[in-house]
There are 2 protein chains.
Amino acid sequence: MSLRHAVLGLLAELGGGSGYDLLKLFELSLDNVWPATQSQLYGELGKLTEAGLIEVAAEGPRGRREYRITPSGTTELHRWLVDVPPKPNRRDETLLRVFFLGELTPAEARGYLDDQAEAIGRRAAALAEVADAVDWNEDGGMADNGRFVLEYGRRFYEMRRDWLRWVAAEIAAREASREAREPAPDGER
Amino acid sequence: MSLRHAVLGLLAELGGGSGYDLLKLFELSLDNVWPATQSQLYGELGKLTEAGLIEVAAEGPRGRREYRITPSGTTELHRWLVDVPPKPNRRDETLLRVFFLGELTPAEARGYLDDQAEAIGRRAAALAEVADAVDWNEDGGMADNGRFVLEYGRRFYEMRRDWLRWVAAEIAAREASREAREPAPDGER
DNA sequence: GACCACATGTAAGGAGTTACATGATTAA
DNA sequence: TTAATCATGTAACTCCTTACATGTGGTC
């Protein structure tokens with residue numbers, strides 16, 4: 001139920017906003033933290049209103065509804081932040097593939113790992129561009145916390161790429177030692 | 001649709017097994033890679049059979065059905081391994097909380113981050129125990145790939161803990177500089 | 001005979017994705 | 001006037017979780 005708290009958090013930090021406003025923020029700021037689709041978001045706003053955690057502060061043109069967090073919403077956000085242990089992410093497609101690398105030939109496996117490491121490099125570069133583009137002059141508020149998240153991304157990609165290279169090297173080493181023991185009849189490949 | 005491929009992968013590596021066998025393996029080996037519940041697993045086995053990717057090789061006592069991967073299942077597994085780009089995990093409850101740390105007082109935030117870093121330490125220790133308990137003598141096969149995954153876990157926890165400590169330090173530093181500019185009326189806290 | 005491990009099935013609901021659908025306002 | 005942006009709603013589907021449900025075979 002984290003979408004709920006993402007919405008509460010944004011409304012708390014912004015002081016209020018419409019579903020549309022929030023949607024843009026999800027795309028801009030939370031895309032690699034907690035993505036949400038339009039469909040999901042509007043549904044959640046309805047549920048949050050019904051639960052009394054947010055309320056409609058004003059109505060504008062084009063059916064725009066400006067939401068605002070309520071006191072009980074603020075309480076709930078705080079409770080979630082400090083008292084609810086974050087649920088670790090236990091699914092990882094890349095790990096699953098690596099777990100089954102034995103189904104590939106060593107050459108295929110190394111090719112796969114190299115490709116993945118390269119793909120990570122591209123994403124890391126894109127992240128670095130985002131980080132450069134943001135104006136960090138402002139102090140406090142969301143931008144600062146966004147900086148923490150960007151730094152996480154940087155460390156994550158770095159760790160991930162190093163690990164992929166390490167696995168590739170391990171496989172290469174294993175293959176080399178196998179080759180040494182039983183010389184290949186027709187060379188490697 | 002990765003559950004499907006997790007099942008295919010296990011059946012490929014094992015040479016076959018019942019739903020019950022696979023369930024035990026999911027709990028034992030894939031719990032931090034791609035967890036699956038009993039309910040999900042039996043459902044998927046049915047769908048995979050219908051799709052012709054696996055087949056019932058034998059029936060045993062207690063209604064036991066021993067599944068085996070088919071040639072088209074092997075093809076599909078291989079295709080998934082090399083041709084389908086892994087979908088990155090874009091949701092992280094911890095990152096979401098850090099994004100909203102501004103809703104807490106600096107003291108609360110630092111307390112939170114310290115707790116999280118400690119929790120990671122406990123999980124890292126548990127992982128290290130698992131790693132020690134496994135017999136790595138056997139060469140190739142699942143155990144070896146499992147080693148890669150364990151090493152990933154080790155690196156992940158380390159990165160994560162370092163990052164949490166870094167964020168806590170950043171917040172402390174920010175608070176210290178704020179304190180210096182405008183001396184607190186009643187001391188910190 | 002009782003218990004544990006083996007073995008499978010189903011139902012209800014939450015969360016997320018994709019697609020379809022509609023309309024109002026504003027700026028060029 | 002036309003296009004882009006603003007603004008919301010809903011339906012269908014997949015995936016995952018939790019819970020309930022049932023029965024068999026081996027071992028003490």
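- Side chain to side chain, B/E93 and A/H5 fail the donor-acceptor criterion of an N or O pair below 3.5 Å.
- Per the geometry, CG belonging to A/L48 stands 11 Å off P belonging to C/dA15, to the nearest Å.
- Distance from the side chain of A/Q40 is smallest for C/dT17 among the nucleotides D/dA7, D/dT18, C/dT17.
- With values rounded to the nearest 0.5 angstrom, A/Y20 atom OH is found 8.0 Å from A/Y42 atom OH.
- Judged by distance alone, the side chains of A/E55 and A/T70 never bring a donor and an acceptor atom under 3.5 Å apart.
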Just by protein heavy atoms under 4.0 Å, how would nucleotides 19-28 of chain C read 5' to 3' in B, S and -?
B----BB---
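- Using a distance-only test at 3.5 Å, with no hydrogens or angles considered, no donor-acceptor pair links the side chain of A/S18 to the main chain of A/E66.
- The separation between A/L23 atom CG and D/dT5 atom P is 14 Å, rounded to whole Å.
- OP1 or OP2 of D/dA7 lies within a sub-4.0 Å distance of a side-chain N or O belonging to A/R64.
- Looking only at atom types and distance, the side chain of A/H78 has a donor-acceptor partner in the side chain of B/E108 under 3.5 Å away.
- Counting heavy atoms from C-beta on, the side chains of B/L22 and B/L45 come closer than 4.5 Å.
- Contact annotation: A/Y42 side-chain N/O to D/dG9 OP1/OP2 distance is not under 4.0 Å.
- Among residues at least two apart or in separate chains, salt bridge (charged side-chain N to carboxylate O under 4.0 Å, His left out) pairs with a member in residues 15-25 of chain B are B/D21-B/R64, B/K24-B/E27.
- For the pair A/T37 and B/D21, both in contact range of DNA chain C, the more 5′-proximal nearest nucleotide belongs to B/D21.
- Residue B/M1 contributes atom CE, which lies 14 Å from atom P of C/dT18 at whole-angstrom precision.
- Both B/S2 and A/K24 lie close to DNA chain D; mapped to their nearest nucleotides by heavy-atom distance, the more 5′-ward contact belongs to A/K24.
- With distances taken from any side-chain atom of B/Y20 to the nucleotides C/dA15, D/dG9, C/dA5, the minimum falls on C/dA5.
- At whole-Å resolution of the value, CG in A/L25 and P in D/dA7 are 13 Å apart.
- At whole-Å resolution of the value, NZ in B/K47 and C1' in C/dT8 are 16 Å apart.
- In this structure the side chain of A/F148 never reaches within 4.5 angstrom of the side chain of B/L95, judged on heavy atoms.
- Side-chain N/O atoms of B/W34 include one lying less than 4.0 angstrom from OP1 or OP2 on D/dC16.
- A heavy atom closer than 4.0 Å to some atom of DNA chain C occurs in B/R91, these being the qualifying members of residues 74-96 of chain B.
- Of the charged side-chain nitrogens involved, none lies within less than 4.0 Å of a carboxylate oxygen, so that A/R155 and B/D162 do not count as a salt-bridged pair.
- Put simply, CD on B/E59 is 15 Å from C1' on D/dT24, counting in whole angstrom units.
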Apply salt bridge (Lys or Arg N to Asp or Glu O under 4.0 Å) to A/E170 and B/R147, showing your working.
CA-CA 11 Å; A/E170 286 285 307; B/R147 202 179 113 245; 2.3 Å; yes
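- Distance A/L28 CG to D/dT5 C1': 16 Å, rounded to the nearest Å.
- If you take NE2 of A/H5 and P of C/dG14, they are 16 Å apart, rounded to a whole angstrom.
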